[in-house]
There are 2 protein chains.
Amino acid sequence: MTTAAVAAADVAAVASLLGDPTRAAFCLALLDGRAWTAGELARLAGVSPATASGHLDRLVRGGLLAEERQGRHRYVRLAGPDAAHVVEVLASSTRPAAPRNSYAAVRAGAGLAAARTCYDHLAGRLGVGVLDALDQRDYVSRADGIAMTASGAVWLASLGVDVDGIRRAHRPVVRLCLDWTERRSHLAGGVGAALAAVFFERDWIRRADGRAITVTDAGRTGLQRELGLAIG
Amino acid sequence: MTTAAVAAADVAAVASLLGDPTRAAFCLALLDGRAWTAGELARLAGVSPATASGHLDRLVRGGLLAEERQGRHRYVRLAGPDAAHVVEVLASSTRPAAPRNSYAAVRAGAGLAAARTCYDHLAGRLGVGVLDALDQRDYVSRADGIAMTASGAVWLASLGVDVDGIRRAHRPVVRLCLDWTERRSHLAGGVGAALAAVFFERDWIRRADGRAITVTDAGRTGLQRELGLAIG
DNA sequence: CGCACAGTTCGGCGGCGGCCGAAGTGTCAC
DNA sequence: GTGACACTTCGGCCGCCGCCGAACTGTGCG
């Protein structure tokens, strides 16, 4: 019981970080994987800079966020894949049955719904499209669950991805992540992150305003060639 | 921003349920998948019945717990796989590197470490062993990620499991769940639950005191035959 | 019926925590 | 240097929430 009590306190400590609407709003915004400034987050959540500052202290101290100070700016981002995962799970647990193509999608705007980042991987129609394409080419097996296939590993290596490095990392190699706008899963985990990184590196995708991303002409060609994926 | 604010409030509502040490203790206890009475939980967490009653109200109202009244008892259990998953993720996020074979394992006692339930599936050495065996027999593919194979589906069907039913359910077919005592993953998701159910049904395993389970002689034989799994 | 027991309701206490405005610190631009 | 700006610190206000004991409801048992 002593050990149970200790564990409960630890769980409560993390949960209570996300148990405040303002802090939850911060973390949801940070789910896009970018670093935000304290002021941006304050404006987003509708609180004063003073209030935001305090919240950020707690989130950083609690290990959920990492910060970087640059000049007069305080940049803050999710501390890592684990932290992102916690936020993700909590967020998706609260939207069990939002009607498709409504509200979220409309408000999100065409750009966000088309392609965006979700922490360190791809989301939106692009994200689910990539996963579908990987499945179709048998690079992942997702009839029941999700796993990378041998041919998938070969293909990733051909793109220059360090597959063994991903396997050694303390992180699931592949994982499903529920897409807000599409209501279907996209690819997360080490491979999801690596894929997004490769796409950025090759300039197949670029950050647009906010968390949206756009597919470049090179991206259209590349995605068509590598994955048979046609981007509207 | 309006929609973002709404979402943040929802996330915060769920998180704050687990953001209290007493409620967190309740939910961790309930992770064993059984129904507990209000009094048991109160004693476990070291609070008065009055306090526990209030907490249970909130947890039920928040959708994390389901309750069943029987006579003068209030039985309460995790509302479903989603709720269990949230608790699981939060719990495993707080124990990043507990030294193996220490504390938790010792305190847990030989029984718990050997075999127990984790929500609706198997955990402990038995749980981890089953997953290893499934992997070895190629019933699941878990080189990178986790997915059920075609031969795995056939095998499950031969045990009388309704595989198509599992596939249709709103729940991951297979999922990994980090084992507290073993520090390795065991099998969760629809298949993990079905497997545990089959084992109970065939009387291969039985509930012992608390959340621990014991393997019967029939279980030893069956596990050896079906999975080549030798139980110490 | 009377007692024991599980759980609930109520009232009240105490503290934590979120919020702000105002003042202060440090950075950048000119 | 001067002013704009990003953020922090401080003080104080307010409300919520966790806790309990005591009284109450309802069930089970003899």
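Chain naming here is simple, since letters A, B, ... match the order of the sequence lines and numbering starts at 1 in each. In this text, all values refer to a predicted model and were calculated from it rather than measured experimentally.
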Checking [X] side chain against [Y] main chain: does a donor-acceptor pair fall under 3.5 Å?
X        : Y        : answer
B:Ser53  : B:Ala50  : no
A:Thr216 : A:Gly219 : yes
A:Ser185 : A:Leu178 : no
B:Arg23  : B:Leu17  : yes

Are [X] and [Y] within salt-bridge range, i.e. N to O under 4.0 Å?
X       : Y        : result
A:Arg77 : A:Asp120 : no
B:Arg34 : B:Glu40  : no
B:Arg74 : B:Asp57  : yes

Checklist entry - Should the ring pair A:Phe26 and A:His55 be called parallel, tilted or perpendicular, given that the plane angle runs from 0 to 90° and is split at 30 and 60? => result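 The rings of A:Phe26 and A:His55 stand perpendicular, inter-plane angle above 60°.
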Nearest whole Å is fine: how far is [N] [atom2] from [X] [atom1]?
X       : N     : atom1 : atom2 : value
B:Tyr75 : C:dA6 : OH    : P     : 11 Å
A:Arg58 : D:dT8 : CZ    : P     : 16 Å
A:Leu59 : D:dC7 : CG    : C1'   : 16 Å
B:Leu65 : C:dG7 : CG    : P     : 14 Å
B:Arg61 : C:dT8 : CZ    : P     : 12 Å
A:Arg43 : D:dC5 : CZ    : P     : 12 Å
B:Leu56 : C:dA6 : CG    : P     : 15 Å
B:Glu67 : C:dA6 : CD    : P     : 18 Å

Checklist entry - Angle, rounded to 10°, between the helical axes spanning five pairs at each terminus of the helix from C:dC1-D:dG30 to C:dC30-D:dG1? => result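 Both end axes considered, the difference amounts to 30°.
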Item to check | Whichever of B:Arg69 and A:Arg23 has its nearest DNA chain C nucleotide further upstream toward 5' | outcome: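 Closest to the 5' end, via its nearest nucleotide, is B:Arg69.
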Next on the checklist: Going by the rule side chain to side chain donor-acceptor pair (under 3.5 Å), which residues pair with B:His121 if we only count those two or more places apart in sequence or in a different chain?
Outcome noted: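 Result, side chain to side chain donor-acceptor pair (under 3.5 Å) vs B:His121: B:His186.
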Checklist entry - At under 4.0 Å, does any side-chain N or O of B:Arg74 touch on OP1 or OP2 of C:dT8? => result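 Answer yes for this pair, as a side-chain N or O of B:Arg74 is under 4.0 Å from OP1 or OP2.
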Checklist outcome for this item: Given protein heavy atoms under 4.0 Å, the one-letter contact record of nucleotides 19-30 of chain C, with B base, S sugar-phosphate only and - none, is simply SBB----BBS--
